[in-house]
Amino acid sequence: MDRLACYDCGETYPFGDAARCSCGEPLWFETDADAVSWPDAGGQDTDGTEGAEGDVAGRGSLWRYESVLPAATPVGLAAVAGGTPLLRAPSIEPASGPRMHLKLEGTNPTGSFKDRGTAVGIGRLDGPIGTVSHGNMALSVAAHAAADDREAVILVSEDTPDSRLAMIAQHDPHLFRVRGDYGRLYDDTLERDLGVAFLNSDSPLRVAGQKTVAYEICEAFRPDAPDAIVLPVSSGGQASGVWKALRELRGAGLIETTPRIYLAQAARCDPVARAFRRGAARVEPVTGAPTAAVSINNADPPSGNRALAAVDATDGAVVSVSEDALLAETDRIASDAGLSVEPSCAVATAGVRELTESGELDRDEDVAVIVTGSGYKYGTPGAEAPPVREIDREDVPAAVRELSA
Ligand SMILES: *Cc1c(COP(=O)(O)O)cnc(C)c1O
Ligand SMILES: [Zn+2]
């Protein structure tokens, strides 16, 4: 599995020869059709991390699908990425909407789906690794590098808050706060003579790792497939991975129908949704406004066109979620489903709400929603002083009894 291919023009390249296609579009790994099959034995608990020396966690992982990955199962932290649970949460399902199955990516080692891509990167590459991020990807790369005793280079933007820096810094990477056009760093780090392999948002290794989320979802629905998969989109890397998986599974006959891919963005920064509404095949950069959905505010997504192609090929759609709706949804998920998520994750279930209202999704359908991360890392937006009742110690028993009276 050493060839990269362009989804758009079909050009192929040996791995390592090109960072992107000569047509400008991103590349992904080609997968041998005969490598695509459901892993034979056992469920997610028993398989997957098998052979990973030192793994005592005993839970499933993305390495269950090693035969379709461009890396061998690594040891250590990377061996336990993926294998996340699927949770039905009827309390937050929209009335007359579809059944929502939440794929809880916040249970990954560093609390987001980014660990899937990092794990495959660690499994494949030697030496120092790096990334351009001040969010979940920075945390993921820093943590996995620490676990594997490697150097990590993390390039954060100038305005990264100290609390974020501290969280990343705890894993001891080389941390650079970069002045100047942060958006352009993506291109700068594609150069191959830096001595550091940069695992950016839509690098082929990352997309390969991220496709495993859709393998897990479809395997859980065997022998059927869900009607749709809904996820937030920023760079388009994860959407690309989901589409890649569905193409592989459909190509091998492991699913009989292809789930529709629905993408959700924050209305304040929604280049992919705008292109979708225009009926365009190409995403144009936008001037985004600040949003609470900080992990998905990419105004010029490097895999935007590919994400749009994924939607088009599967008859899906892209929705924009207003700031009010995404904040309300973040609250709802916490108070009604018991899950703390970032606003960047809440756009997906808010998207399901919109798609139900517009009649795209209905109550007979099963929808897998990728809950991309956790809310425990970044605090609760807008809640500096939650309403807490102050009471004296001797009044506690009476106050508690009163609750059930
Ligand atoms: C990175 C990230 C996304 C967006 O994924 P892309 O691959 O950049 O489209 C969504 N949610 C969370 C929590 C993220 O960290
Ligand atoms: Zn191409």
Side-chain angles (χ1 to χ4, degrees), residues 4-13 18-28 84 103-108 110-118 131-141 164 186 199-211 213-214 230-244 261 263-266 269-273 283 291-311 318 321 326 330 333 339-351 369-378:
L4 301 176
C6 173
Y7 77 98
D8 198 26
C9 74
E11 194 63 59
T12 66
Y13 303 83
R20 288 176 78 91
C21 185
S22 58
C23 79
E25 285 299 293
L27 298 167
W28 57 23
T84 58
K103 185 68 170 159
L104 302 183
E105 291 294 290
T107 64
N108 272 293
T110 72
S112 83
F113 77 85
K114 297 292 197 305
D115 286 335
R116 294 180 185 267
T118 309
T131 200
V132 180
S133 165
H134 46 233
N136 290 323
M137 199 155 65
L139 202 54
S140 179
V141 168
R164 284 284 181 104
Y186 173 93
L199 278 170
N200 289 341
S201 49
D202 64 346
S203 88
L205 288 166
R206 218 170 240 300
V207 171
Q210 284 158 196
K211 79 181 176 185
V213 71
V230 185
L231 62 147
V233 63
S234 181
S235 70
Q238 191 187 31
S240 302
V242 168
W243 187 32
K244 185 66 165 54
I261 296 175
L263 305 176
Q265 298 208 286
C269 185
D270 62 349
V272 183
V283 175
T291 162
V294 291
S295 298
I296 55 168
N297 64 352
N298 194 324
D300 187 8
S303 278
N305 299 335
R306 191 164 59 179
L308 209 50
V311 164
V318 191
V321 178
L326 69 87
T330 308
I333 295 173
L339 297 169
S340 176
V341 301
E342 299 179 45
S344 302
C345 312
V347 297
T349 54
V369 184
I370 306 181
V371 180
T372 46
S374 158
Y376 289 120
K377 293 189 256 189
Y378 303 127

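If you read the sequence from its start, that first residue is 1, and numbering goes on from there. Whatever order the structure lists them in is the order used to number ligands and atoms, beginning at 1.
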**Prompt:** Is any side-chain heavy atom of Ser112 less than 4.5 Å from a side-chain heavy atom of Lys377?
**Reply:** yes

**Asked** Hey, does Tyr7 have a side-chain heavy atom less than 4.5 Å from the side chain of Cys21?
**Response** no

**Contact (N/O only, under 3.5 Å) between Glu342 and ligand 1** = no

**Message:** Is any side-chain heavy atom of Glu105 closer than 4.5 Å to one of Asn136?
**Reply:** no

**Request:** Just need the protein heavy atom nearest to atom 1 (C) of ligand 1, so name the residue and atom and give the distance.
**Result:** Lys114 NZ, 1.4 Å

**Request:** Kindly confirm or rule out an N or O of Ser234 lying under 3.5 angstrom from an N or O of ligand 1.
**Result:** yes

**Asked** Using heavy atoms and a threshold below 4.0 Å, how should the contact between Ser295 and ligand 1 be classified: side chain, backbone, both, or neither?
**Response** both

**Asked** Do you know which two heavy atoms are closest between Val294 and Arg164, and how far apart they sit?
**Response** CG2-NH2, 3.3 Å

**Message:** Closer than 2.8 Å to the Zn ion (ligand 2): how many protein N, O or S atoms are there?
**Reply:** 4

**Prompt:** What about Thr372: any of its N or O atoms under 3.5 Å from an N or O on ligand 1?
**Reply:** yes

**Message:** Could you check whether any side-chain N or O of Thr107 sits under 3.5 Å from a backbone N or O of Thr84, counting only pairs where one atom can act as donor and the other as acceptor?
**Reply:** no

**Complete:** Nearest heavy-atom contact between Gly373 and Cys345 is N-SG, 3.2 Å

**Item:** Close N or O approach (Asn136, ligand 1; < 3.5 Å)
**Value:** yes

**Heavy-atom closest contact (Pro271 atom, Gln265 atom, distance)** = N-OE1, 3.3 Å

**Prompt:** Going by atom types only, do Asp115 and Thr110 share a side-chain donor-acceptor pair under 3.5 Å?
**Reply:** yes

**Item:** Whether Arg206 side chain and Ser201 backbone form a donor-acceptor pair below 3.5 Å
**Value:** no

**Request:** Quick one: closest heavy-atom pair of Leu326 and Ala266, and the distance?
**Result:** CD2-CB, 3.7 Å

**Prompt:** How far is atom 5 (O) of ligand 1 from its nearest protein heavy atom, and which residue and atom is that?
**Reply:** Phe113 CZ, 3.4 Å

**Message:** Counting only heavy atoms, tell me which of Ile370, Val371, Ile296, Val233 gets closest to atom 10 (C) of ligand 1.
**Reply:** Ile296

**Prompt:** What residue and heavy atom of the protein are closest to atom 6 (P) of ligand 1, and at what distance?
**Reply:** Ser235 OG, 3.4 Å

**Complete:** Here the atoms of ligand 1 under 4.0 Å from any heavy atom belonging to Gln238 are 7 (O)

**Side chain proximity check, Asn200 to Tyr186, heavy atoms < 4.5 angstrom** = yes

**Asked** Any heavy atom of Gly236 sitting closer than 4.0 Å to ligand 1?
**Response** yes

